J.: 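Got a structure for you, questions after.
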Amino acid sequence: MRGLQDKVAIVAGGGSGIGAATARRLAEAGARIVIGDLKPEAADSVAAQIREQGGRAIGIGFDVTDEPSVARLVAAAVEGFGGLDAIHINFADLSIIFQDKDALSTPLDVFDRTIAVDLRGHLVCTRHAVPALLARGGGSIVYTVSGAAFVGSADYVCYSMAKAGITALMRHVATRWGKDGIRANAVAPGLVLTDAVRAGMSEAAKAQMLAMGRTPRLGQPQDIAGMVALLMSEEGGWITGQVVSVDGGATMR
């Protein structure tokens, strides 16, 4: 990807799955990577793997519900690598997803926790990333959302609301700071076979999801990582304010 060599990128939520694959993809393109994760050991492990391959990366633990922790994540990029050029904001609290039902039955504490992480956390990351990006003359923000943001579902009302809110935040950022050189986009993955999905999903369920798509396979973390890299690169330099579905054709808009 043109334009990523020596750029500084944060992957917020990069200790596993899509985030880890994105960190590795950006490092392969020559970017210097700061990996943030709720599990510091996971962030350190991915950073060490990148360094073993000749890349430049550091890992740091952070908690999106703690604003000073988010500030330290951005500061790690500025202090460790001299600034910030891009950030992939990629996290959600899925530990409560099966308690997230419909608007009548879902406990409000599930709503509160979902919004705190899946929406407020994205706003907090944005608030700290934008000034650092402006200091470098602009840059790119890529959020991870979901088809749940725009495809109606009988369940997961809180998650869907949060993801829809992120798309509104993304378009706000693209509009408010676009003339200042900041581009903002979102990637909406389909079913991606991360290690966690492979371990927790039955073969029958995978087959059912495959039948809903229009390609002969399910997604891999690298599929999402490639799109994030494109949106952060010079090749994606005229793309902003967009939600890009990377889901094997499960949704078409």
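Here the structure is a predicted model, which means the values were calculated and not measured.
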J.: So which heavy atom on F62 is nearest to which on G13, and how close?
T.: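 Heavy-atom minimum between the residues: CE2-N, 3.9 Å.
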J.: Heavy atoms, side chains only, cut-off 4.5 Å: are M201 and L191 in contact?
T.: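 Sidechains of L191 and M201: in contact.
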J.: So with a 6.0 Å cut-off around CD of E235, is the heavy-atom count from everything else above 12?
T.: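 Buried by this count: over 12 neighbours within 6.0 Å.
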J.: Any heavy-atom pair between the side chains of D223 and R217 that's under 4.5 Å?
T.: yes
J.: Taking it one step at a time, do D6 and R56 satisfy salt bridge (Lys or Arg N to Asp or Glu O under 4.0 Å)?
T.: CA-CA 9 Å; D6 295 323; R56 294 161 292 177; 2.9 Å; yes
J.: For the pair T126 and H172, evaluate side chain to side chain contact (heavy atoms under 4.5 Å, CB included) and give the outcome as yes or no after the intermediate values.
T.: CA-CA 11 Å; T126 301; H172 162 74; over 6 Å; no
J.: Do you know the tightest heavy-atom contact between L38 and P40?
T.: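 For L38 and P40, the tightest heavy-atom pair comes out as O-CD, 3.2 Å.
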J.: Do T144 and H88 make a side-chain contact, defined as non-hydrogen atoms from C-beta onward lying under 4.5 Å apart?
T.: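 A side-chain contact exists here, since the closest heavy-atom pair is under 4.5 Å.
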J.: Between E67 and H128, is the side chain to side chain contact (heavy atoms under 4.5 Å, CB included) condition met? List the steps.
T.: CA-CA 9 Å; E67 187 169 3; H128 287 275; 2.9 Å; yes
J.: CG/N185 to OG1/T167 distance, rounded to the nearest 0.5 angstrom?
T.: 12.0 Å
J.: Taking the side chain as everything from C-beta on, heavy atoms only, tell me whether D118 gets closer than 4.5 Å to M161.
T.: no
J.: Nearest 0.5 Å, what's the CG-CG distance between L4 and L26?
T.: 6.5 Å
J.: Identify the two heavy atoms, one from L193 and one from R198, that lie closest to each other, and give their separation to 0.1 Å.
T.: O-NE, 3.4 Å
J.: Do Q99 and T106 have side chains that get closer than 4.5 Å, going by heavy atoms?
T.: no
J.: Check this for me: D66, atom CG, are more than 12 non-hydrogen atoms of other residues, nucleotides or ligands nearer than 6.0 Å?
T.: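 Yes, the 6.0 Å shell around CG holds more than 12 heavy atoms from other groups.
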J.: Out of curiosity, does M170 fall in the hydrophobic cluster containing V151 (side-chain heavy atoms, cut-off under 4.5 Å, transitive links)?
T.: yes
J.: With a 6.0 Å cut-off (strictly less than), is the heavy-atom count around NZ of K163, excluding the residue itself, greater than 12?
T.: yes
J.: Are L218 and V197 close enough that some pair of their side-chain heavy atoms sits under 4.5 Å apart?
T.: no
J.: Is there a donor-acceptor pair under 3.5 Å between the side chain of R183 and the backbone N or O of W238?
T.: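 No.
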J.: Measuring from I166:CD1 to I89:CD1, what's the distance to the nearest 0.5 Å?
T.: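 Output value for this atom pair is 8.5 Å.
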J.: Considering non-hydrogen atoms only, spot the tightest contact between Y156 and S153 and give its length.
T.: CD1-OG, 4.2 Å
J.: Please report the closest heavy-atom contact between Q222 and A21, naming both atoms and the distance.
T.: N-CB, 4.2 Å
J.: Can you list the steps and then say if V157 with F111 is a side chain to side chain contact (heavy atoms under 4.5 Å, CB included)?
T.: CA-CA 9 Å; V157 61; F111 171 80; over 6 Å; no
J.: Per the side chain to side chain contact (heavy atoms under 4.5 Å, CB included) rule, which among V64, V110, V117, T65 passes with D93?
T.: V117
J.: With no hydrogens and no angle check, is any side-chain donor or acceptor of R25 less than 3.5 Å from a backbone partner on I224?
T.: no
J.: What's the separation between atom CG in L123 and atom CD1 in I115, rounded to the nearest 0.5 Å?
T.: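 Atom-to-atom, L123:CG and I115:CD1 are 12.0 Å apart.
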J.: Calculate, to the nearest 0.5 Å, the distance between atoms NZ and OG belonging to K7 and S233 respectively.
T.: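 So the gap between those two atoms works out to 11.5 Å.
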J.: Are F91 and H122 packed together at the side-chain level, in the sense that at least one heavy-atom pair is separated by less than 4.5 angstrom?
T.: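 F91 reaches H122 side chain to side chain.
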J.: Do the side chains of I182 and V173 get nearer than 4.5 Å, heavy atoms only?
T.: yes
J.: Would you give the length of the straight line joining atom OG1 of T240 to atom CD of Q242, rounded to the nearest 0.5 angstrom?
T.: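 So the gap between those two atoms works out to 7.5 Å.
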J.: Salt bridge or not between D112 and R120? Use side-chain N to carboxylate O under 4.0 Å.
T.: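 A salt bridge is absent here (no side-chain N lies under 4.0 Å from a carboxylate O).
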J.: Pick one: which of D247, L231, V145 meets side chain to side chain contact (heavy atoms under 4.5 Å, CB included) with V187?
T.: L231
J.: Under 4.5 Å between side-chain heavy atoms, counting indirect links through other Ile/Leu/Val/Met/Phe/Trp/Tyr residues: same cluster for I60 and V46 or not?
T.: no
J.: Are V11 and I58 connected in a single hydrophobic cluster, I mean Ile/Leu/Val/Met/Phe/Trp/Tyr linked by side-chain heavy atoms less than 4.5 Å apart?
T.: no
J.: Could you tell me whether the side chain of D85 and the main chain of A9 form a donor-acceptor pair under 3.5 Å?
T.: no
J.: How close do Q5 and G30 get, heavy atom to heavy atom, and via which atoms?
T.: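 Result for this residue pair: OE1-CA, 3.5 Å.
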J.: Would L119 and F150 show up in the same hydrophobic cluster when neighbours are defined by side-chain heavy atoms closer than 4.5 Å?
T.: yes
J.: Going by side chain to side chain contact (heavy atoms under 4.5 Å, CB included), Y143 matches just one of V243, L169, I87, N90. Which one?
T.: L169
J.: Do V78 and I35 belong to the same hydrophobic cluster, where Ile, Leu, Val, Met, Phe, Trp and Tyr are linked whenever their side-chain heavy atoms lie under 4.5 Å apart, directly or via other members?
T.: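 As far as the 4.5 Å side-chain criterion goes, I35 and V78 are not connected within one cluster.
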J.: Show your reasoning for whether side chain to side chain contact (heavy atoms under 4.5 Å, CB included) applies to M252 and R214.
T.: CA-CA 10 Å; M252 291 187 174; R214 294 175 173 87; 2.9 Å; yes
